[in-house]
Amino acid sequence: MTNVDPITLQVIGGALHTIAKEMGHVLYRMSYSSIIRESEDLGAGLFDRDFNTLCESDSTPMHIGSIPGYLRGVERTMHGDWKPGDVVLHNHPYHGASHVPDICCIAPVFFEGELVGFSANTAHHVDLGAASPGIVIDIPDVYAEGMLFSGIKLYEEGKLNRALWQHIQTNTRVPRDVSGDIEAQVASAELGVRRFRELYEAYGKATVEAATAELMDYSERMLRRRIREIPDGDYVAEGFLDDDGVDRETRLPVKVTVRIRGDSAAVDTTGSSPQGPTAYNVPFEGSTKVTCYFAFRALLLDTYTTSEYIPQNEGSFRPIEVISPAGSIFNPTFPAACQSRFSQCQRLVDLISAALAPVIPDKVTAGCGATLSAFAYSGVRPGGDYWILVEINESAYGGRPASDGPDSIDELMRNTRNNPIEDLGMHLPLICDRYELRDDVLPGAGRQRGGLGIVKVQRFLTPGYVVHEADRHEDVPWGFLGGAPGTVGKLEKWNVAAPDEVVSWPAKVPATPTEPGDCIAVYTPGGGGYGDPLERPVDQVRDDVADGYYCQAHAYDAYGVVMDEALSIDMAATEARRAALRAAAAE
């Protein structure tokens, strides 16, 4: 190893991060589908020849964290050796992929004739020819999820595989979107190849590789230092998932045991549900492990609560071991379907936080929405071509040690953006009739209150189909340190011709036909409260009432704050009310 001076180390580290961000920017700016172009449901980065993550874009954590698993899967399945100019597609969930719609685009990086690493990205595609448009739930196996690519070369030494390209275009309902998005991925990967090679040319192979090794070691040391601050022990949290999308009467248990030993941690999901007969399972390599890595990095190395800059690379994965029994919902066995897996990942992060909350209360939030409301709206235009929209809806965080839980936000593993409703209304036969914070529930009360989820109503203008993937319509987000629980989600459907005939739907809805005028309303969960509501500053309670988060009666009942209709606070009456509430709670 060559010793690298601190300045050069910082410059190379900054260059790596910039390259990853530039790769992500090219990918979403060139894409066709709104799920990539607007939501930025993608990830990009550079990797060494041993598949270690060197840098990552500031995108969806699930995407970037899974790429080492993709690379290991490609090593097992690709025919032939890597050559300059190769571009490989891979999305097989039993060979490292996160799930079938997330195609990984990989290009090798050569320097002076030697393979030195990889440029890669992943992105969520709206349709790969699965059993239903966009999202699948009630399917028998992984083959019903769409086209499977196992280390397939789209380009071989710079030459396009035209037969494969034709196969892709003729096996998706939306060939323009899918082919355009893949072209954007190729451009992003090729940019990464150029930039990585330029870095080698500027500093030399020995210096770049010594620097990347030191940066990974540094991130590992920093995470181990944070883990060492947690007392050794086994910490357990449990919850449940609503159902598997078919058997509506059976709840699916989720159990997490976090074991802290010195500067290492293990996450054990033993005790969670066995794998199910639908697509409601989680690929172990590409999703379960990545979720656990993310949870620890988010809790212990958060960018905004850590004074030191800590590179986002492979080092932050090394201290974490993940254990999930084969045949369980977090480690299904082939050929079980596993496309609809994100809500389970969200709950896994939420439960890791709940398990560790008693020993790191200053680093956790109360229970979050911890789900994924993902819709696939679709239909066929008069000319016979499909339209498909995959839309992700925001939820909310729980209260935090020093501030309220944010409303209407992609929390935990998601980090995607919402789709502008004006843009969708111009291009698709859908009209968004309502999009705002929920007003049918109260935020989880606490010293720091939980955030509110959203209500969104989409109305079909033509016949179509809808699929919905979500959870947490039953298990309420948890409050912490005296905070009240949050709120669960719900889903409703009606037609404008009969607006009073509202039908309640479960969280998971397989492909269901719709008629013109049908309205689909989603209400996403809200976060739990953090800390004793009676300790909330009275001026914040008054601001909440003024802003419409809750009424004066709730301020009186939950927070013990007495105010008149002009929102003037009676401090003497408030102190008496809070004393009475504390006395009643102590009995």
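What you are looking at is a predicted structure, and each value in this text was computed from that prediction instead of being measured.
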Item checked: Full working for side-chain contact (heavy atoms from CB on, under 4.5 Å) between Asp102 and Asn91 -> CA-CA 6 Å; Asp102 291 348; Asn91 72 338; over 6 Å; no
Note to self: Show every ring pair (Phe, Tyr, Trp, His ring centres under 6.0 Å) that has at least one partner inside residues 365-398, sequence neighbours left out.
What the structure shows: Phe375-Tyr377, Phe375-His468, Tyr377-Phe460
Note to self: Checking Glu469 now: which residues fulfil salt bridge (Lys or Arg N to Asp or Glu O under 4.0 Å) with it, not counting sequence neighbours?
What the structure shows: none
Margin query: According to ring-ring contact (aromatic ring centres under 6.0 Å, His included), who are the partners of His125, at least two apart in sequence or on a separate chain?
Written below: none
Checklist line | Euclidean distance, His25 NE2 relative to Asp58 CG, rounded to 0.5 Å | finding: 13.0 Å
Note to self: Under a 4.0 Å threshold between the charged nitrogen and the carboxylate oxygen, would Glu474 count as salt-bridged to Arg472?
What the structure shows: no
Note to self: Nearest 0.5 Å, please: how far is CD1 in Ile388 from OG in Ser132?
What the structure shows: 9.0 Å
Report all side-chain donor-acceptor pairs from residues 442-450 shorter than 3.5 Å, counting only partners two or more places apart or in another chain.
| unit_1 | atom_1 | unit_2 | atom_2 | d |
| --- | --- | --- | --- | --- |
| Arg447 | NH1 | Glu535 | OE1 | 3.3 |
| Arg449 | NE | Asp544 | OD1 | 3.3 |
| Arg449 | NE | Asp544 | OD2 | 3.3 |

Next item on the list: Working to the nearest 0.5 Å, report the span between CG of Asp532 and OH of Tyr559.
Entry: 10.5 Å
Item checked: Atom of Pro133, atom of Asp127 and distance for their closest heavy-atom approach -> CA-OD1, 3.6 Å
Check: Under the 3.5 angstrom rule, does the side chain of Asp547 hit a backbone N or O of Tyr549 as a donor-acceptor pair?
Finding: no
Check: Sub-3.5 Å donor-acceptor pair from the side chain of Thr514 to the main-chain atoms of Pro463, do we have one?
Finding: no
Margin query: Could you work out, with side-chain hydrogen bond (donor to acceptor under 3.5 Å, both in side chains) as the rule, every residue matching Ser287, not counting sequence neighbours?
Written below: Arg341
Next item on the list: Could I get the full list of side-chain contact (heavy atoms from CB on, under 4.5 Å) partners for Glu40, not counting sequence neighbours?
Entry: Tyr28, Leu42, Arg417
Next item on the list: Could I get the full list of ring-ring contact (aromatic ring centres under 6.0 Å, His included) partners for Tyr530, not counting sequence neighbours?
Entry: Phe480
Notebook entry, point to check: Roughly how far apart are Leu412 CG and Leu348 CG, rounded to 0.5 Å?
Noted result: 10.5 Å
Check: Between Pro510 and Ile137, what is the shortest heavy-atom contact and its length?
Finding: N-CD1, 4.3 Å
Item checked: Spacing of His99 atom NE2 and Thr122 atom OG1 [to the nearest 0.5 Å] -> 9.0 Å
Next item on the list: Assess the side chains of Tyr435 and Asn418: does a donor N or O sit below 3.5 Å from an acceptor N or O?
Entry: yes
Checklist line | Non-neighbouring partners of Arg176 that pass side-chain hydrogen bond (donor to acceptor under 3.5 Å, both in side chains), sequence neighbours left out | finding: none
Next item on the list: Could you please spell out the steps behind the salt bridge (Lys or Arg N to Asp or Glu O under 4.0 Å) verdict for Asp244 and Arg251?
Entry: CA-CA 8 Å; Asp244 63 12; Arg251 305 286 178 251; over 6 Å; no
Note to self: I need the minimum non-hydrogen distance between Ala396 and Ser408, along with the two atoms involved.
What the structure shows: CB-N, 4.4 Å
Next item on the list: Answer yes or no: does atom OH of Tyr94 have more than 12 heavy-atom neighbours from other residues, nucleotides or ligands under 6.0 Å?
Entry: yes
Item checked: Asp423 bridged to Arg37 by N-O distance under 4.0 Å -> yes
Checklist line | Side-chain heavy-atom pair Asn393, Asp410 within 4.5 angstrom cut-off | finding: no
Next item on the list: Decide if atom CD of Gln169 counts as having more than 12 heavy atoms of other residues, nucleotides or ligands within a radius under 6.0 Å.
Entry: yes
Note to self: Working note: Glu394 + Thr524, criterion side chain to side chain donor-acceptor pair (under 3.5 Å); need CA distance, chi angles, decisive distance, verdict.
What the structure shows: CA-CA 7 Å; Glu394 314 87 66; Thr524 61; over 6 Å; no
Next item on the list: To the nearest 0.5 Å, tell me how far Ser340 OG sits from Ile135 CD1.
Entry: 6.5 Å
Next item on the list: Taking Thr170 for its side chain and His167 for its backbone only, find out whether a donor-acceptor pair lies under 3.5 Å.
Entry: yes
Next item on the list: Could you walk me through whether Thr291 and Met62 pass side-chain contact (heavy atoms from CB on, under 4.5 Å), step by step?
Entry: CA-CA 7 Å; Thr291 299; Met62 180 68 77; 3.6 Å; yes
Next item on the list: Taking all heavy atoms of Pro93 and all of Leu148, pick out the closest pair and write down the distance.
Entry: CD-CD2, 4.0 Å
Next item on the list: Output all residues satisfying side-chain contact (heavy atoms from CB on, under 4.5 Å) with Gln552, sequence neighbours left out; order by chain, then residue number.
Entry: Val545, Met563, Leu567
Notebook entry, point to check: Closest heavy-atom contact between Ser98 and Pro283?
Noted result: O-CG, 3.1 Å
Margin query: Suppose we screen for salt bridge (Lys or Arg N to Asp or Glu O under 4.0 Å). Which residues come up paired with Glu391, at least two apart in sequence or across chains?
Written below: Lys456
Next item on the list: From the options Leu128, Asn121, Asp181, select the one residue that forms a side chain to side chain contact (heavy atoms under 4.5 Å, CB included) with Ile103.
Entry: Leu128
Next item on the list: Looking only at non-hydrogen atoms, find the nearest pair between Arg438 and Gly489 and report the distance.
Entry: NH1-CA, 3.9 Å
Checklist line | Beyond-backbone contact of Leu461 with Leu430, side-chain heavy atoms, under 4.5 angstrom | finding: no
Check: Does the pair Asp350 and Ser353 meet the rule for a side chain to side chain donor-acceptor pair (under 3.5 Å), with working shown?
Finding: CA-CA 5 Å; Asp350 199 51; Ser353 181; 5.6 Å; no
Item checked: Any residue meeting salt bridge (Lys or Arg N to Asp or Glu O under 4.0 Å) with Asp433, in chain and number order, not counting sequence neighbours -> Arg459
Check: Can you tell if the side chain of Asn419 reaches within under 4.5 Å of the side chain of Ser39, non-hydrogen atoms only?
Finding: yes
Check: Hey, is Arg297 close enough to Asp302 for a salt bridge, meaning N to O under 4.0 Å?
Finding: no
Check: Is the closest side-chain heavy-atom distance between Glu238 and Val254 below 4.5 Å?
Finding: no
Margin query: For Thr60 and Thr416: C-alpha separation, side-chain torsions, deciding distance, then whether side chain to side chain donor-acceptor pair (under 3.5 Å) applies.
Written below: CA-CA 6 Å; Thr60 306; Thr416 52; 5.6 Å; no
Next item on the list: For the pair Leu389 and Ser34, evaluate side-chain contact (heavy atoms from CB on, under 4.5 Å) and give the outcome as yes or no after the intermediate values.
Entry: CA-CA 7 Å; Leu389 167 66; Ser34 64; 3.3 Å; yes
Notebook entry, point to check: Do Val488 and Asp475 have side-chain heavy atoms sitting under 4.5 Å apart?
Noted result: no
Next item on the list: May I have the step-by-step check of ring pair (Phe, Tyr, Trp, His ring centres under 6.0 Å) for His124 and His63, ending in yes or no?
Entry: CA-CA 9 Å; His124 185 110; His63 279 288; 7.3 Å; no
Note to self: Can you pull out every side chain to side chain donor-acceptor pair (under 3.5 Å) where at least one residue sits in residues 482-497? Sequence neighbours excluded, please.
What the structure shows: Asp440-Lys490, Asn495-Asp518
Margin query: I'd like to check Met23 versus Ser57 (side-chain heavy atoms, cut-off strictly below 4.5 Å). Are they in contact?
Written below: no
